[in-house]
> 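Quick one: this structure, given as C-alpha coordinates, is what I'll be asking you about.
Note on naming: letters A, B, ... go to the chains in the order of the sequence lines (proteins, then strands), and numbering restarts at 1 for each one. The model shown is predicted, which means the values in this text are computed figures rather than measured ones. Values reported hereafter were calculated over all heavy atoms of this structure, with side chains retained and with hydrogens, waters and symmetry mates removed.
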Amino acid sequence: MLISNIKSRPVYERLAIDGAGRRHLVLSDAPRPLGEVIDGTESAGAPLAYWVVAGTSAVDGQPQTGPAGNAAEVETRAFRAAAHLFDRLTHRLGQETVGLRLYAVGEEGFIWEVAKLARAAGLETEECRTAHAGSLRRRVFCVHCKTITEGVTTSLAACAGCGAQLVVRDHFSRSHAAFMGVQADAEAPGDLPPVEELFP
Amino acid sequence: MMAQTIALRVAAVTPLSPTLKAFTFVPAAGGLVPPSGPGAHLRLFLRDGAKLHKNAYSLIANPADRSHLSIIVRRVAASKGGSAFLHEQVGEGDVIEAGLPANLFPVTRTARRHLMVSGGIGVTPFLAYIAAFAAEGTPWQLHHFCRPDEREVFAALLAPYAGGSLHIHCDGTLDGLDAALRRQPLGTHLYTCGPESLMGAVLGQAQALGWPKVRLHSESFGGAVAGGEPFIAVLKRSGIEVAVDAETGLLDAIEAAGVEAPCLCRGGACGQCLIEVADGVPEHRDHFLDAEERASNRFIMTCVSRSRTPRLVLDL
Ligand code: FES
(Lines give C-alpha, C1' and ligand atoms only; values in the text may rest on other atoms or scores of the structure.)
Protein backbone atom coordinates (compact mmCIF):
# COMPACT_ATOMS: atom_id res chain seq x y z
CA MET A 1 0.00 0.00 0.00
CA LEU A 2 1.67 3.21 -1.09
CA ILE A 3 -0.73 5.77 0.37
CA SER A 4 -0.73 5.08 4.05
CA ASN A 5 -3.53 5.99 6.38
CA ILE A 6 -1.35 8.17 8.57
CA LYS A 7 -3.52 11.19 9.28
CA SER A 8 -1.18 13.85 10.56
CA ARG A 9 -2.80 16.42 8.34
CA PRO A 10 -3.53 19.43 10.55
CA VAL A 11 -7.13 20.33 11.32
CA TYR A 12 -8.10 24.00 11.27
CA GLU A 13 -10.88 25.90 12.91
CA ARG A 14 -12.22 29.26 11.92
CA LEU A 15 -10.14 32.14 13.29
CA ALA A 16 -11.36 34.44 16.03
CA ILE A 17 -9.64 37.41 17.66
CA ASP A 18 -8.09 36.44 21.01
CA GLY A 19 -9.42 39.15 23.32
CA ALA A 20 -6.40 38.82 25.62
CA GLY A 21 -4.04 40.17 22.93
CA ARG A 22 -2.76 43.78 23.02
CA ARG A 23 -2.03 43.97 19.29
CA HIS A 24 -3.37 41.82 16.48
CA LEU A 25 -1.83 41.09 13.12
CA VAL A 26 -3.92 39.17 10.58
CA LEU A 27 -2.31 37.77 7.41
CA SER A 28 -4.05 36.45 4.31
CA ASP A 29 -2.46 34.98 1.18
CA ALA A 30 -5.19 36.43 -1.05
CA PRO A 31 -7.44 39.51 -0.99
CA ARG A 32 -10.40 38.63 1.21
CA PRO A 33 -12.70 40.86 3.27
CA LEU A 34 -11.39 40.88 6.85
CA GLY A 35 -14.74 39.74 8.26
CA GLU A 36 -14.58 36.65 6.08
CA VAL A 37 -11.18 35.71 7.47
CA ILE A 38 -11.68 36.18 11.20
CA ASP A 39 -14.43 36.69 13.78
CA GLY A 40 -14.53 39.27 16.52
CA THR A 41 -12.72 42.21 14.87
CA GLU A 42 -15.46 44.66 15.91
CA SER A 43 -14.73 43.98 19.56
CA ALA A 44 -10.96 43.64 19.28
CA GLY A 45 -10.36 46.64 21.56
CA ALA A 46 -6.69 46.67 20.53
CA PRO A 47 -4.80 47.84 17.44
CA LEU A 48 -5.31 45.52 14.50
CA ALA A 49 -3.37 45.27 11.26
CA TYR A 50 -4.44 43.29 8.21
CA TRP A 51 -1.78 42.29 5.70
CA VAL A 52 -2.81 40.79 2.42
CA VAL A 53 -0.97 39.28 -0.51
CA ALA A 54 -2.55 41.05 -3.46
CA GLY A 55 -0.61 39.13 -6.09
CA THR A 56 -0.31 42.24 -8.28
CA SER A 57 2.43 44.79 -8.84
CA ALA A 58 -0.11 47.58 -8.49
CA VAL A 59 0.32 47.80 -4.71
CA ASP A 60 2.99 49.52 -2.67
CA GLY A 61 2.98 47.72 0.69
CA GLN A 62 2.28 50.99 2.49
CA PRO A 63 -0.15 50.98 5.41
CA GLN A 64 -3.67 52.39 4.86
CA THR A 65 -5.72 53.19 7.91
CA GLY A 66 -9.45 52.96 7.99
CA PRO A 67 -12.27 52.28 10.42
CA ALA A 68 -13.44 48.70 10.85
CA GLY A 69 -16.99 48.26 11.93
CA ASN A 70 -17.41 49.92 15.31
CA ALA A 71 -14.43 50.59 17.51
CA ALA A 72 -10.93 49.61 16.51
CA GLU A 73 -9.02 51.08 13.60
CA VAL A 74 -7.59 48.67 11.08
CA GLU A 75 -4.32 49.29 9.34
CA THR A 76 -4.36 47.49 5.99
CA ARG A 77 -1.36 46.70 3.81
CA ALA A 78 -1.29 45.00 0.46
CA PHE A 79 1.83 43.22 -0.75
CA ARG A 80 2.87 42.29 -4.28
CA ALA A 81 3.72 38.74 -3.30
CA ALA A 82 4.01 36.42 -0.31
CA ALA A 83 7.81 36.80 -0.24
CA HIS A 84 7.41 40.54 0.30
CA LEU A 85 4.95 39.97 3.13
CA PHE A 86 7.26 37.44 4.81
CA ASP A 87 10.12 39.97 4.69
CA ARG A 88 8.05 42.62 6.43
CA LEU A 89 6.74 40.06 8.90
CA THR A 90 10.24 38.97 9.94
CA HIS A 91 11.18 42.60 10.45
CA ARG A 92 8.00 43.34 12.41
CA LEU A 93 8.32 40.28 14.68
CA GLY A 94 11.90 41.25 15.46
CA GLN A 95 10.61 44.50 16.97
CA GLU A 96 7.45 43.16 18.59
CA THR A 97 6.87 42.65 22.31
CA VAL A 98 4.91 40.06 24.30
CA GLY A 99 1.19 40.77 23.88
CA LEU A 100 1.02 40.34 20.10
CA ARG A 101 -1.36 37.82 18.51
CA LEU A 102 -0.72 36.63 14.99
CA TYR A 103 -3.31 35.03 12.69
CA ALA A 104 -2.75 33.57 9.25
CA VAL A 105 -5.26 32.33 6.69
CA GLY A 106 -4.50 30.79 3.34
CA GLU A 107 -3.12 27.73 1.65
CA GLU A 108 -1.06 25.30 3.65
CA GLY A 109 2.29 26.46 2.28
CA PHE A 110 1.52 30.04 3.31
CA ILE A 111 0.20 29.42 6.79
CA TRP A 112 2.98 27.02 7.66
CA GLU A 113 5.61 29.46 6.49
CA VAL A 114 4.00 32.04 8.80
CA ALA A 115 4.00 29.53 11.66
CA LYS A 116 7.68 28.83 11.05
CA LEU A 117 8.63 32.53 11.06
CA ALA A 118 6.54 33.03 14.20
CA ARG A 119 8.28 30.18 15.99
CA ALA A 120 11.68 31.50 14.91
CA ALA A 121 10.76 34.90 16.38
CA GLY A 122 9.82 33.32 19.72
CA LEU A 123 6.02 33.31 19.49
CA GLU A 124 4.28 30.46 21.28
CA THR A 125 1.70 28.32 19.47
CA GLU A 126 -1.01 29.95 21.59
CA GLU A 127 -0.04 33.32 20.12
CA CYS A 128 -0.13 32.28 16.48
CA ARG A 129 -3.30 30.83 14.98
CA THR A 130 -3.80 29.55 11.49
CA ALA A 131 -6.72 28.53 9.30
CA HIS A 132 -6.90 27.01 5.85
CA ALA A 133 -8.50 28.78 2.91
CA GLY A 134 -8.21 28.41 -0.84
CA SER A 135 -6.76 25.57 -2.83
CA LEU A 136 -5.86 22.28 -1.18
CA ARG A 137 -2.71 21.96 -3.30
CA ARG A 138 0.22 20.67 -1.33
CA ARG A 139 3.87 21.42 -0.79
CA VAL A 140 5.65 18.12 -1.14
CA PHE A 141 8.95 17.29 0.50
CA CYS A 142 10.96 14.66 -1.35
CA VAL A 143 12.35 12.31 1.28
CA HIS A 144 15.09 11.26 -1.17
CA CYS A 145 16.61 14.58 -2.27
CA LYS A 146 14.96 16.95 0.27
CA THR A 147 13.66 19.33 -2.41
CA ILE A 148 10.27 20.92 -1.89
CA THR A 149 7.92 20.85 -4.85
CA GLU A 150 5.18 23.48 -4.68
CA GLY A 151 1.59 23.44 -5.85
CA VAL A 152 0.98 19.70 -6.15
CA THR A 153 -2.67 18.83 -6.85
CA THR A 154 -2.28 15.21 -7.87
CA SER A 155 -1.65 11.92 -6.07
CA LEU A 156 1.57 11.46 -8.01
CA ALA A 157 4.01 14.23 -8.93
CA ALA A 158 7.50 14.62 -10.32
CA CYS A 159 9.99 15.94 -7.75
CA ALA A 160 11.33 19.36 -8.80
CA GLY A 161 14.76 18.29 -7.53
CA CYS A 162 15.54 14.72 -8.57
CA GLY A 163 12.68 14.10 -10.96
CA ALA A 164 11.48 10.98 -9.13
CA GLN A 165 7.77 10.17 -9.40
CA LEU A 166 6.60 10.82 -5.84
CA VAL A 167 3.52 9.47 -4.15
CA VAL A 168 2.12 12.36 -2.11
CA ARG A 169 1.40 11.00 1.33
CA ASP A 170 -0.93 12.30 4.04
CA HIS A 171 2.04 12.55 6.36
CA PHE A 172 2.52 16.27 7.11
CA SER A 173 5.81 17.49 8.54
CA ARG A 174 5.53 20.65 10.60
CA SER A 175 9.23 21.33 10.46
CA HIS A 176 9.24 21.31 6.65
CA ALA A 177 5.71 22.71 6.40
CA ALA A 178 5.17 20.11 3.68
CA PHE A 179 3.71 16.71 2.95
CA MET A 180 6.08 13.80 2.50
CA GLY A 181 6.68 12.45 -0.99
CA VAL A 182 8.09 8.97 -1.50
CA GLN A 183 9.29 7.49 -4.80
CA ALA A 184 6.39 5.49 -6.24
CA ASP A 185 8.31 3.01 -8.36
CA ALA A 186 11.24 2.34 -6.01
CA GLU A 187 10.66 -1.43 -5.97
CA ALA A 188 9.57 -1.95 -9.54
CA PRO A 189 10.92 0.93 -11.68
CA GLY A 190 8.37 2.28 -14.11
CA ASP A 191 5.47 0.58 -12.35
CA LEU A 192 3.32 3.60 -11.45
CA PRO A 193 -0.18 3.78 -10.03
CA PRO A 194 -2.74 5.93 -11.90
CA VAL A 195 -2.53 9.69 -11.30
CA GLU A 196 -5.54 11.27 -9.63
CA GLU A 197 -6.43 14.91 -8.99
CA LEU A 198 -6.77 14.75 -5.18
CA PHE A 199 -5.92 18.25 -3.92
CA PRO A 200 -7.79 20.76 -6.11
CA MET B 1 7.66 5.24 51.29
CA MET B 2 10.89 7.09 51.97
CA ALA B 3 12.71 8.81 49.13
CA GLN B 4 16.43 8.40 48.75
CA THR B 5 18.38 10.65 51.09
CA ILE B 6 21.93 11.88 51.53
CA ALA B 7 23.90 13.05 54.55
CA LEU B 8 25.12 16.63 54.21
CA ARG B 9 27.69 18.35 56.39
CA VAL B 10 27.25 22.07 57.11
CA ALA B 11 30.38 23.66 55.65
CA ALA B 12 29.48 27.29 56.42
CA VAL B 13 26.79 29.36 58.11
CA THR B 14 26.71 33.02 57.09
CA PRO B 15 24.37 35.48 58.80
CA LEU B 16 23.05 37.96 56.20
CA SER B 17 20.63 39.93 58.36
CA PRO B 18 18.95 39.49 61.74
CA THR B 19 16.45 37.06 60.15
CA LEU B 20 18.37 35.64 57.18
CA LYS B 21 21.14 33.05 57.22
CA ALA B 22 22.90 31.29 54.36
CA PHE B 23 23.91 27.64 54.79
CA THR B 24 26.43 25.80 52.62
CA PHE B 25 26.46 22.00 52.57
CA VAL B 26 28.91 19.42 51.27
CA PRO B 27 28.36 15.65 51.16
CA ALA B 28 29.30 14.19 54.55
CA ALA B 29 30.95 11.29 52.71
CA GLY B 30 32.94 13.62 50.45
CA GLY B 31 32.74 13.86 46.66
CA LEU B 32 30.29 15.83 44.53
CA VAL B 33 26.79 16.88 45.51
CA PRO B 34 23.93 15.28 43.52
CA PRO B 35 23.03 17.04 40.26
CA SER B 36 20.28 19.66 40.18
CA GLY B 37 18.99 22.34 37.81
CA PRO B 38 18.11 26.01 38.25
CA GLY B 39 14.96 26.31 40.38
CA ALA B 40 15.53 23.03 42.25
CA HIS B 41 14.94 22.73 45.96
CA LEU B 42 16.40 20.68 48.77
CA ARG B 43 14.37 19.01 51.50
CA LEU B 44 16.00 18.89 54.88
CA PHE B 45 14.99 16.39 57.56
CA LEU B 46 15.63 18.29 60.76
CA ARG B 47 15.60 16.22 63.93
CA ASP B 48 14.68 18.55 66.75
CA GLY B 49 14.46 16.29 69.79
CA ALA B 50 11.43 14.08 69.23
CA LYS B 51 10.12 16.31 66.43
CA LEU B 52 11.01 15.90 62.77
CA HIS B 53 10.75 19.01 60.61
CA LYS B 54 10.70 18.45 56.87
CA ASN B 55 11.42 21.75 55.16
CA ALA B 56 12.22 22.52 51.54
CA TYR B 57 14.48 25.38 50.46
CA SER B 58 15.46 26.64 47.01
CA LEU B 59 19.06 25.98 46.02
CA ILE B 60 20.85 29.22 45.25
CA ALA B 61 24.23 28.27 43.79
CA ASN B 62 24.99 27.63 40.13
CA PRO B 63 23.84 24.02 39.60
CA ALA B 64 26.82 23.40 37.31
CA ASP B 65 29.12 23.75 40.33
CA ARG B 66 28.77 20.42 42.12
CA SER B 67 31.18 21.19 44.97
CA HIS B 68 28.43 22.33 47.35
CA LEU B 69 24.74 23.13 47.85
CA SER B 70 23.59 26.44 49.36
CA ILE B 71 20.31 27.75 50.71
CA ILE B 72 19.08 30.87 52.49
CA VAL B 73 16.69 30.51 55.39
CA ARG B 74 14.47 33.19 56.85
CA ARG B 75 13.64 32.81 60.51
CA VAL B 76 9.88 33.26 60.65
CA ALA B 77 8.86 35.36 63.64
CA ALA B 78 6.41 32.98 65.28
CA SER B 79 8.07 29.84 63.97
CA LYS B 80 8.32 26.78 66.14
CA GLY B 81 9.41 24.86 63.10
CA GLY B 82 12.37 24.13 60.88
CA SER B 83 13.51 27.67 60.17
CA ALA B 84 13.92 28.47 63.88
CA PHE B 85 15.72 25.17 64.40
CA LEU B 86 18.16 25.91 61.55
CA HIS B 87 18.78 29.43 62.84
CA GLU B 88 19.28 28.47 66.46
CA GLN B 89 20.64 24.97 66.56
CA VAL B 90 22.51 24.16 63.38
CA GLY B 91 26.17 25.11 63.08
CA GLU B 92 29.25 24.33 61.04
CA GLY B 93 30.23 20.66 61.08
CA ASP B 94 26.72 19.37 61.85
CA VAL B 95 25.43 16.59 59.63
CA ILE B 96 21.86 16.83 58.29
CA GLU B 97 19.82 14.32 56.33
CA ALA B 98 18.39 15.64 53.07
CA GLY B 99 16.37 14.40 50.10
CA LEU B 100 17.85 14.53 46.60
CA PRO B 101 17.32 17.91 44.93
CA ALA B 102 13.99 18.04 43.08
CA ASN B 103 12.76 20.70 40.70
CA LEU B 104 9.21 22.05 40.58
CA PHE B 105 10.22 25.41 39.14
CA PRO B 106 12.45 24.70 36.17
CA VAL B 107 13.58 27.21 33.57
CA THR B 108 11.70 27.06 30.25
CA ARG B 109 14.33 25.80 27.84
CA THR B 110 12.71 27.26 24.74
CA ALA B 111 12.57 30.80 26.17
CA ARG B 112 14.82 33.39 24.49
CA ARG B 113 14.84 35.65 27.47
CA HIS B 114 13.81 35.42 31.10
CA LEU B 115 11.99 38.04 33.18
CA MET B 116 11.98 37.29 36.91
CA VAL B 117 9.90 38.98 39.59
CA SER B 118 10.60 38.16 43.23
CA GLY B 119 9.41 39.31 46.61
CA GLY B 120 11.65 39.12 49.68
CA ILE B 121 13.21 35.73 50.25
CA GLY B 122 11.42 34.55 47.07
CA VAL B 123 14.54 35.68 45.24
CA THR B 124 16.37 32.47 46.20
CA PRO B 125 15.49 30.29 43.17
CA PHE B 126 16.45 33.21 40.92
CA LEU B 127 19.96 33.33 42.35
CA ALA B 128 20.47 29.89 40.78
CA TYR B 129 18.64 30.97 37.61
CA ILE B 130 20.83 34.02 37.14
CA ALA B 131 24.02 32.07 37.81
CA ALA B 132 22.99 29.64 35.07
CA PHE B 133 21.88 32.43 32.66
CA ALA B 134 25.10 34.36 33.22
CA ALA B 135 27.13 31.23 32.49
CA GLU B 136 25.16 30.53 29.28
CA GLY B 137 24.86 34.12 28.14
CA THR B 138 21.01 34.01 28.06
CA PRO B 139 19.44 37.48 28.41
CA TRP B 140 17.51 38.08 31.64
CA GLN B 141 16.00 40.80 33.79
CA LEU B 142 15.11 40.66 37.49
CA HIS B 143 12.71 42.90 39.38
CA HIS B 144 13.03 42.35 43.09
CA PHE B 145 10.54 43.78 45.58
CA CYS B 146 11.49 44.05 49.25
CA ARG B 147 11.21 46.15 52.38
CA PRO B 148 13.47 49.23 52.46
CA ASP B 149 15.41 47.89 55.45
CA GLU B 150 16.37 44.77 53.50
CA ARG B 151 17.43 46.53 50.33
CA GLU B 152 21.13 46.32 51.20
CA VAL B 153 20.94 42.63 52.05
CA PHE B 154 19.42 41.73 48.69
CA ALA B 155 21.63 44.18 46.79
CA ALA B 156 24.66 42.44 48.28
CA LEU B 157 23.33 38.99 47.34
CA LEU B 158 22.74 40.15 43.77
CA ALA B 159 25.91 42.23 43.53
CA PRO B 160 27.81 39.67 41.43
CA TYR B 161 25.19 40.18 38.70
CA ALA B 162 24.57 43.90 39.12
CA GLY B 163 23.97 45.89 35.97
CA GLY B 164 21.18 47.03 33.70
CA SER B 165 19.18 43.84 34.16
CA LEU B 166 18.71 44.19 37.89
CA HIS B 167 16.02 46.35 39.51
CA ILE B 168 15.30 46.50 43.24
CA HIS B 169 12.03 48.17 44.27
CA CYS B 170 11.22 49.15 47.86
CA ASP B 171 8.26 51.51 47.46
CA GLY B 172 5.71 48.89 48.46
CA THR B 173 3.98 48.93 45.07
CA LEU B 174 4.31 46.98 41.83
CA ASP B 175 4.34 50.18 39.74
CA GLY B 176 7.89 49.52 38.63
CA LEU B 177 6.73 46.44 36.80
CA ASP B 178 4.25 47.86 34.32
CA ALA B 179 6.78 49.29 31.89
CA ALA B 180 8.88 46.13 32.03
CA LEU B 181 5.87 43.93 31.23
CA ARG B 182 4.98 46.09 28.21
CA ARG B 183 8.45 46.03 26.74
CA GLN B 184 9.56 42.41 26.66
CA PRO B 185 10.62 41.07 23.26
CA LEU B 186 8.76 38.04 21.87
CA GLY B 187 10.15 34.85 23.33
CA THR B 188 10.36 36.17 26.90
CA HIS B 189 9.07 33.99 29.74
CA LEU B 190 8.09 35.34 33.13
CA TYR B 191 8.78 33.69 36.48
CA THR B 192 7.62 34.88 39.85
CA CYS B 193 8.38 33.73 43.37
CA GLY B 194 7.44 35.30 46.68
CA PRO B 195 4.36 35.82 48.83
CA GLU B 196 1.03 34.66 47.32
CA SER B 197 -0.25 38.23 47.13
CA LEU B 198 2.75 39.41 45.13
CA MET B 199 2.64 36.49 42.73
CA GLY B 200 -1.10 36.86 42.20
CA ALA B 201 -0.68 40.56 41.40
CA VAL B 202 2.24 39.95 39.03
CA LEU B 203 0.43 37.22 37.11
CA GLY B 204 -2.75 39.30 36.94
CA GLN B 205 -0.87 42.34 35.65
CA ALA B 206 0.95 40.26 33.03
CA GLN B 207 -2.28 38.67 31.79
CA ALA B 208 -3.95 42.04 31.54
CA LEU B 209 -1.06 43.13 29.31
CA GLY B 210 -1.59 40.22 26.95
CA TRP B 211 0.83 37.63 28.32
CA PRO B 212 -0.53 34.16 27.56
CA LYS B 213 -0.48 31.57 30.35
CA VAL B 214 2.25 29.49 28.69
CA ARG B 215 4.71 32.29 29.31
CA LEU B 216 3.88 32.60 33.01
CA HIS B 217 5.50 30.51 35.74
CA SER B 218 5.20 30.82 39.49
CA GLU B 219 6.67 29.15 42.55
CA SER B 220 4.63 29.48 45.68
CA PHE B 221 6.99 27.62 47.87
CA GLY B 222 8.70 29.54 50.53
CA GLY B 223 6.07 32.19 50.16
CA ALA B 224 2.97 30.24 51.15
CA VAL B 225 1.16 31.61 54.14
CA ALA B 226 0.34 28.97 56.72
CA GLY B 227 -2.05 30.93 58.89
CA GLY B 228 -5.80 31.41 58.95
CA GLU B 229 -8.85 30.53 61.05
CA PRO B 230 -8.17 27.75 63.59
CA PHE B 231 -10.03 24.45 63.05
CA ILE B 232 -10.03 20.79 64.07
CA ALA B 233 -8.73 18.17 61.65
CA VAL B 234 -10.28 14.78 62.33
CA LEU B 235 -7.98 12.00 61.10
CA LYS B 236 -10.44 9.19 60.48
CA ARG B 237 -8.04 6.30 59.97
CA SER B 238 -5.63 7.29 62.73
CA GLY B 239 -8.62 7.91 65.01
CA ILE B 240 -7.35 11.21 66.37
CA GLU B 241 -8.29 14.87 66.29
CA VAL B 242 -5.69 17.55 65.64
CA ALA B 243 -6.23 21.16 66.60
CA VAL B 244 -4.82 23.42 63.87
CA ASP B 245 -4.16 26.86 65.36
CA ALA B 246 -4.16 30.17 63.49
CA GLU B 247 -0.40 30.13 62.96
CA THR B 248 0.25 26.54 61.92
CA GLY B 249 -0.37 24.82 58.60
CA LEU B 250 -2.53 21.70 58.41
CA LEU B 251 0.32 19.43 57.30
CA ASP B 252 2.62 20.76 60.01
CA ALA B 253 -0.04 20.15 62.63
CA ILE B 254 -0.65 16.59 61.39
CA GLU B 255 3.08 15.86 61.51
CA ALA B 256 3.44 17.45 64.92
CA ALA B 257 0.74 15.03 66.13
CA GLY B 258 3.01 12.19 65.03
CA VAL B 259 1.07 11.10 61.94
CA GLU B 260 3.01 10.39 58.72
CA ALA B 261 1.45 12.25 55.80
CA PRO B 262 2.61 12.27 52.18
CA CYS B 263 4.20 15.48 50.89
CA LEU B 264 6.96 16.82 48.71
CA CYS B 265 7.05 20.50 47.75
CA ARG B 266 5.06 21.77 50.74
CA GLY B 267 4.00 24.62 48.50
CA GLY B 268 0.77 23.43 46.89
CA ALA B 269 2.38 22.62 43.56
CA CYS B 270 3.39 18.99 43.29
CA GLY B 271 0.24 17.10 44.21
CA GLN B 272 1.92 14.63 46.57
CA CYS B 273 0.04 15.62 49.71
CA LEU B 274 -3.48 15.09 48.29
CA ILE B 275 -5.84 13.60 50.89
CA GLU B 276 -9.50 12.72 50.54
CA VAL B 277 -11.95 14.80 52.52
CA ALA B 278 -14.75 12.79 54.17
CA ASP B 279 -16.59 15.74 55.67
CA GLY B 280 -16.24 19.51 55.95
CA VAL B 281 -15.29 22.14 53.36
CA PRO B 282 -11.65 22.80 52.53
CA GLU B 283 -10.28 26.28 51.89
CA HIS B 284 -8.16 25.58 48.82
CA ARG B 285 -4.87 27.46 48.59
CA ASP B 286 -2.95 25.16 46.25
CA HIS B 287 -2.03 25.40 42.56
CA PHE B 288 -2.61 21.72 41.93
CA LEU B 289 -6.32 20.92 41.93
CA ASP B 290 -8.34 22.04 38.93
CA ALA B 291 -11.53 24.06 39.22
CA GLU B 292 -13.74 20.98 39.16
CA GLU B 293 -11.77 19.15 41.84
CA ARG B 294 -11.86 22.25 44.00
CA ALA B 295 -15.58 22.66 43.64
CA SER B 296 -16.19 19.01 44.51
CA ASN B 297 -14.52 19.59 47.92
CA ARG B 298 -13.50 15.94 47.85
CA PHE B 299 -9.76 16.54 48.11
CA ILE B 300 -7.38 18.77 49.97
CA MET B 301 -3.71 19.59 49.55
CA THR B 302 -2.70 19.52 53.18
CA CYS B 303 0.55 21.45 52.77
CA VAL B 304 -1.08 24.81 52.07
CA SER B 305 -4.84 24.48 52.36
CA ARG B 306 -7.04 24.88 55.44
CA SER B 307 -10.69 24.50 56.40
CA ARG B 308 -13.75 26.69 55.99
CA THR B 309 -15.67 24.60 58.47
CA PRO B 310 -14.77 24.23 62.18
CA ARG B 311 -14.14 20.52 61.59
CA LEU B 312 -12.56 18.84 58.60
CA VAL B 313 -12.66 15.04 58.43
CA LEU B 314 -9.74 13.56 56.49
CA ASP B 315 -9.15 10.06 55.19
CA LEU B 316 -5.82 9.78 56.97
S1 FES C 1 3.27 18.77 49.16
FE2 FES C 1 3.28 19.39 47.11
S3 FES C 1 1.23 19.99 46.81
FE4 FES C 1 1.36 19.60 48.89
> If the threshold is 4.0 Å, N to carboxylate O, is there a salt bridge linking A:Arg138 and A:Asp170?
yes
> Taking ring pair (Phe, Tyr, Trp, His ring centres under 6.0 Å) as the definition, give me every residue that meets it alongside B:Phe105, ordered by chain and number, with sequence neighbours left out.
B:Phe126, B:Tyr129
> If I measure from the heavy atoms of chain A, does B:Arg112 come under 4.5 Å with its side chain, its backbone, both, or neither?
side chain
> Counting only non-hydrogen atoms closer than 4.5 Å, does B:Arg113 touch chain A with its backbone (N, CA, C, O), its side chain (CB onward), both, or neither?
neither
> So which residues of residues 77-84 of chain A are in contact with chain B at a heavy-atom cut-off of under 4.5 Å?
none
> Applying ring pair (Phe, Tyr, Trp, His ring centres under 6.0 Å), can you list everything that pairs with A:Phe86, at least two apart in sequence or on another chain?
A:Phe110
> Hey, are B:Glu152 and B:Arg147 close enough for a salt bridge, meaning a charged N less than 4.0 Å from a carboxylate O?
no
> Can you say whether A:Glu124 sits under 4.5 Å from chain B via the side chain, the backbone, both, or neither, judging by heavy atoms?
both
> Could you tell me whether A:Arg137 and A:Glu107 have a side-chain N and a carboxylate O separated by less than 4.0 Å?
yes
> I'd like to know if B:Glu283 pairs up with B:Arg306 as an ion pair, taking the criterion as any Lys NZ or Arg NE/NH1/NH2 lying under 4.0 Å from an Asp or Glu carboxylate oxygen.
no
> Do you know which of A:Glu127, A:Glu126, A:Glu96 has the most heavy-atom pairs under 4.5 Å to chain B?
A:Glu127
> Is the Lys NZ or Arg CZ of A:Arg129 less than 6.0 Å from the centre of A:Tyr103's six-membered ring, within 45° of the axis?
no
> Please list, chain by chain and in numerical order, all residues satisfying ring pair (Phe, Tyr, Trp, His ring centres under 6.0 Å) with A:Phe141, sequence neighbours excluded.
A:His176
